[in-house]
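Worksheet: one structure, shown below.
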Number of protein chains: 2
Amino acid sequence: LDPSLTDRQVWSASAVVRRITSETELIATYLAPLTAGLAGARGLRDDAATLSIPADMEVVVTTDPVREGVHFFSQDKAADIAWKALSVNVSDLAAKGATPFAYTMALGFPEAPCHDWMSGFASGLADAQLAFGCHLAGGDTDRVAGPLSIAITAFGLQPKGSFVPRHGAEVGDHVFVSGTIGDAALGLALHQDGAGFGQAELDTAAVAELIDRYLRPKARAGLAAVIRDHARAALDVSDGLVRDLGRLIGAHCALDISTADIPLSAAAQAVTERPDVWPTLLTGGGDYEILAAVAPEKRAAFTARAAAAGIAVSELGRLRNGAGELAITHPGGAPLAFERTGFDHFG
Amino acid sequence: LDPSLTDRQVWSASAVVRRITSETELIATYLAPLTAGLAGARGLRDDAATLSIPADMEVVVTTDPVREGVHFFSQDKAADIAWKALSVNVSDLAAKGATPFAYTMALGFPEAPCHDWMSGFASGLADAQLAFGCHLAGGDTDRVAGPLSIAITAFGLQPKGSFVPRHGAEVGDHVFVSGTIGDAALGLALHQDGAGFGQAELDTAAVAELIDRYLRPKARAGLAAVIRDHARAALDVSDGLVRDLGRLIGAHCALDISTADIPLSAAAQAVTERPDVWPTLLTGGGDYEILAAVAPEKRAAFTARAAAAGIAVSELGRLRNGAGELAITHPGGAPLAFERTGFDHFG
């Protein structure tokens with residue numbers, strides 16, 4: 001193989017690659033091994049899987065497909081695409097307080113993939129399964145005109161009644177966010193146009209780190225139990241901090257925060273003087289951090305448990321009485337205005 | 001609106017239609033009402049749903065997307081597309097002995113749909129929900145270049161340990177099939193080329209009935225309990241009788257059947273004299289009937305329970321010792337040969 005070919009180019013270059021020639025082969029060789037450890041998956045040799053749920057638990061289910069041209073690029077590495085496909089679903093589960101344990105996956109391929117591509121894809125899933133503690137339970141593979149799509153439906157477990165809703169935050173609650181914000185949006189800009197953005201301020205390692213945040217978002221599975229035990233309301237930051245904060249605040253509270261309190265990576269910090277970078281950081285999306293509203297009496301336990309889980313959390317501010325207002329202000333400055341608060345597929 | 005426009009043409013004719021302008025509106029207006037009756041769906045106002053599972057039951061999960069150009073045509077009615085999308089998943093559950101109760105749905109739209117199209121789509125889902133006894137639990141909506149896709153993941157319940165596998169049929173078992181075979185394949189041919197196939201033998205009502213079998217496959221949800229109580233192995237007939245019978249027979253049995261024992265509708269019976277129609281009937285796919293292997297001591301109970309459920313079942317033959325051979329023979333004739341035994345997306 002020409003080593004200059006990217007994974008996807010290899011996938012398309014039918015003259016030089018070994019292409020997978022049957023669904024049965026694809027499933028048996030690359031997907032069935034991902035079910036090891038989940039007996040109910042039946043090694044993908046049946047038409048459905050069984051999930052046995054302990055009597056005191058309930059299932060939390062979410063579905064969040066990723067699609068070429070929307071959530072990833074055709075030239076992205078197969079392993080990265082696979083990681084992202086599972087991670088974005090695990091992120092939703094963790095934000096509801098659910099511990100991931102299984103997922104199904106529907107693949108839509110524009111053409112039969114080659115062995116190298118599927119091997120990379122399966123290894124990305126295996127990495128993500130190990131990181132997040134879940135297993136493939138079942139799925140489907142189609143060949144269809146149009147972009148590659150990977151539709152995962154993920155399952156988590158939590159004690160009955162412990163689901164943490166998106167709505168329900170109250171006046172006085174402390175608003176926390178995990179990790180750092182804006183890295184994925186910067187990473188996307190660098191991934192699309194490496195020479196045109198931020199290269200003056202960033203060294204090669206910083207650029208690679210930001211692009212990695214975009215390509216391999218790290219779902220906060222380790223926060224699931226902390227969220228369910230100590231948060232009143234929570235959601236993951238997938239559509240940009242501004243839009244997702246608006247969802248957490250709801251219609252009966254308001255929040256004033258300072259940009260000084262928004263956690264930024266060193267790499268993001270290095271570009272904050274660039275014009276127009278703040279809207280990118282705060283509305284760009286793809287962070288897959290968790291936003292949580294925590295009651296005052298639970299604040300100490302929440303931060304202690306998060307620290308014990310090894311996940312940084314930062315307090316953005318405290319909810320006050322209001323009607324959904326969100327003001328984000330530079331220290332000593334006026335509130336920022338956003339032309340676009342986040343992502344709407346039809347907006 | 002021009003009454004000659006089909007649903008899909010209306011959907012695309014942006015000059016004359018009211019197009020949906022936000023994901024929020026699409027969800028609130030058309031999808032949230034489909035969750036009524038399933039509290040854990042939270043009216044689609046959160047990022048995940050909860051499913052509470054009775055202590056003695058387990059969840060059966062399957063995922064089977066339908067895609068424009070593969071499983072349906074762009075000009076098909078929105079209500080029919082929706083029905084099929086849910087029905088093909090319910091069919092998998094019923095064949096495993098699971099009673100459907102919920103599903104999630106990931107929609108990939110090439111462009112924002114118009115209100116008329118979404119209204120038809122939601123009404124098709126509502127009809128199918130009522131017919132099959134399940135509710136929308138959650139989902140996702142994307143806009144993506146390429147054909148419309150609807151990826152449903154469906155959930156059924158059954159007593160722990162009662163899953164009916166695809167494999168495990170034994171020598172001496174009676175092989176049954178529900179309903180009639182081949183109608184959907186004939187319906188597809190008529191739907192694609194109404195003037196060119198079978199019009200000589202079929203009246204308008206018969207043509208409409210066959211096309212309906214293709215457009216609106218009737219999943220046998222009513223057989224779920226019968227299958228789990230009385231079948232040793234089962235699967236649904238989605239990829240054509242020949243291929244799916246091969247799966248049921250497995251590697252350690254064989255089956256000889258007569259075409260006289262294959263249940264056909266009156267409409268299909270009327271075209272059996274046409275050349276080359278038998279391969280269409282037996283390998284065309286889309287039947288969504290159920291194949292079951294029933295132990296001799298359970299045969300009487302199986303047929304009685306199916307009759308009580310109002311679903312016709314026909315015995316195709318009895319499994320004998322073998323290595324997976326399937327022979328289908330016209331009365332007094334030689335075994336039929338099939339160039340193509342069914343559908344493989346990469347074959």
Side-chain angles (χ1 to χ4, degrees), chain A residues 19-26 40 42 45-53 55 58-65 67 69-70 92-93 95-96 98 104-106 108-109 112 137-147 149 151 153 155-156 158 160 163 165-167 235-236 344-347, chain B residues 20-26 40 42 45-53 55 58-65 67-70 92-93 95-96 98 104-106 108-109 112 137-147 149 151 153 155-156 158 160 163 165-167 235-236 344-347:
Chain A
R19 204 175 278 275
I20 292 171
T21 54
S22 85
E23 239 176 299
T24 308
E25 179 188 21
L26 185 152
R42 292 155 208 283
R45 288 185 299 274
D46 215 307
D47 302 300
T50 42
L51 306 176
S52 285
I53 311 304
E58 60 193 358
V59 182
V60 179
V61 56
T62 190
T63 186
D64 204 354
R67 305 180 196 272
V70 180
D92 271 331
L93 295 179
K96 307 287 98 186
T104 61
M105 179 172 63
F109 284 111
D140 182 83
T141 305
D142 283 326
R143 192 156 132 200
V144 62
S149 76
T153 301
F155 307 100
Q158 64 188 185
K160 283 186 178 170
F163 183 91
R166 176 195 274 209
H167 306 290
L235 76 167
D236 71 333
D344 184 308
H345 287 284
F346 304 131
Chain B
I20 292 171
T21 54
S22 85
E23 239 176 300
T24 309
E25 178 188 20
L26 185 152
R42 295 156 208 280
R45 288 184 301 273
D46 216 308
D47 303 298
T50 42
L51 306 176
S52 285
I53 311 304
E58 60 193 359
V59 181
V60 179
V61 56
T62 189
T63 188
D64 204 353
R67 305 179 196 272
E68 179 184 329
V70 180
D92 271 330
L93 295 180
K96 307 287 99 185
T104 60
M105 178 173 64
F109 284 111
D140 182 83
T141 306
D142 283 326
R143 193 157 132 200
V144 62
S149 76
T153 301
F155 308 100
Q158 62 189 184
K160 283 184 177 172
F163 183 93
R166 174 194 276 209
H167 306 290
L235 75 166
D236 71 334
D344 184 308
H345 287 284
F346 305 131

Considering non-hydrogen atoms only, spot the tightest contact between [X] and [Y] and give its length.
X	Y	result
B:Asp46	A:Pro165	OD2-CA, 3.2 Å
B:Ala106	A:Pro65	CB-CG, 3.4 Å
A:Arg45	B:Arg166	O-CD, 3.6 Å
A:Arg67	B:Ser149	NH1-OG, 3.6 Å

Problem set entry | From CA spacing to verdict: side-chain contact (heavy atoms from CB on, under 4.5 Å), B:Phe155, A:Val61 | CA-CA 11 Å; B:Phe155 308 100; A:Val61 56; 3.7 Å; yes
Who among [options] has the most heavy-atom pairs with chain B under 4.5 Å?
options	value
A:Gly40, A:Gly69, A:Gly139	A:Gly139
A:Glu58, A:Arg42, A:Glu25	A:Arg42
A:Gly156, A:Ala55, A:Ala48, A:Gly146	A:Ala48
A:Gly108, A:Ala98, A:Ala95	A:Gly108

Problem set entry | chain A contacts, top residue of B:Ala145, B:Ala151, B:Ala137 (heavy-atom pairs, under 4.5 Å) |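 Highest number of heavy-atom pairs under 4.5 Å: B:Ala145.
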Exercise. Once you round to the nearest 0.5 Å, how far does CG of B:Asp47 lie from CG of A:Asp92?
Worked result: 5.0 Å
Exercise. Between atom CD of B:Gln158 and atom OG1 of A:Thr50, what is the distance when rounded to the nearest 0.5 Å?
Worked result: 7.5 Å
For this session: Say whether B:Thr104 and A:Thr63, considering side chains only, have a donor N or O and an acceptor N or O under 3.5 Å apart.
Result: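 No, because no side-chain N or O of B:Thr104 sits under 3.5 Å from a partner of the opposite role on A:Thr63.
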Exercise. With no hydrogens and no angle check, is any side-chain donor or acceptor of B:Ser52 less than 3.5 Å from a backbone partner on A:Lys160?
Worked result: no
